[in-house]
Amino acid sequence: MSIWSRGDRTGRVEEALLMLEGQGIIDGLDILLAEDKPYRVRVPAGIVHMDEDEASMFALGAVVGAFGGVARAGTSARSGD
């Protein structure tokens, strides 16, 4: 079973960014497929233009930044630390 509804990498990157937007981690998203850097991610500092590789690494970093502390807290609570 997969959590992704789209099977290709481009679709998964788009879904990841849309999930970040839905969670309020990013302020907005525009995708202009005809551009060299089609992903326009709005964050408090401004708009970041990214290609697919950059957008995938951004999504990973945003998830770790947003949820890493919660995951670590849950791990230490389970291990009895």
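None of these values were measured; they are calculated from a predicted model.
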About how many Å separate [atom2] of [Y] and [atom1] of [X], when rounded to the nearest 0.5 Å?
| X | Y | atom1 | atom2 | result |
| --- | --- | --- | --- | --- |
| Arg12 | Glu52 | CZ | CD | 9.0 Å |
| Leu18 | Glu21 | CG | CD | 6.0 Å |
| Tyr39 | Asp30 | OH | CG | 12.5 Å |
| Leu29 | Arg42 | CG | CZ | 7.5 Å |

With distance as the sole test, does Glu54 use its side chain to make a donor-acceptor pair with the main-chain N or O of Asp51 at under 3.5 Å?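 Indeed, once roles are kept as given, a pair shorter than 3.5 Å links the two residues.
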Atom CG of Asp36 with >12 non-hydrogen neighbours under 6.0 angstrom: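 Not more than 12 within 6.0 Å, no.
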Working for side-chain contact (heavy atoms from CB on, under 4.5 Å), residues Leu17 and Leu20: CA-CA 5 Å; Leu17 293 171; Leu20 291 173; 4.2 Å; yes
As a quick check of understanding, evaluate side-chain contact (heavy atoms from CB on, under 4.5 Å) for Glu14 and Leu33, giving each step before the final call. CA-CA 11 Å; Glu14 291 174 8; Leu33 295 176; 3.9 Å; yes
Would a single hydrophobic cluster contain both Ile31 and Val43, if residues Ile, Leu, Val, Met, Phe, Trp and Tyr are joined by side-chain heavy-atom contacts under 4.5 Å?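 Yes; tracing contacts between hydrophobic side chains, which count when under 4.5 Å, links both residues.
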According to a 4.5 Å side-chain heavy-atom criterion applied to Ile, Leu, Val, Met, Phe, Trp and Tyr, with indirect links allowed, do Phe67 and Phe58 form part of one hydrophobic cluster? yes
pair Asp53-Arg9: side-chain heavy atoms closer than 4.5 Å: yes
Does the side-chain contact (heavy atoms from CB on, under 4.5 Å) test come out yes or no for Glu35 and Arg40, once each step is laid out? CA-CA 10 Å; Glu35 301 288 326; Arg40 310 282 199 272; 3.6 Å; yes
Taking all atoms of both residues into account, what is the closest heavy-atom pair of Val41 and Met50, and its distance?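 Answer, listing the atom of Val41 first, then Met50: CG2-CE, 3.1 Å.
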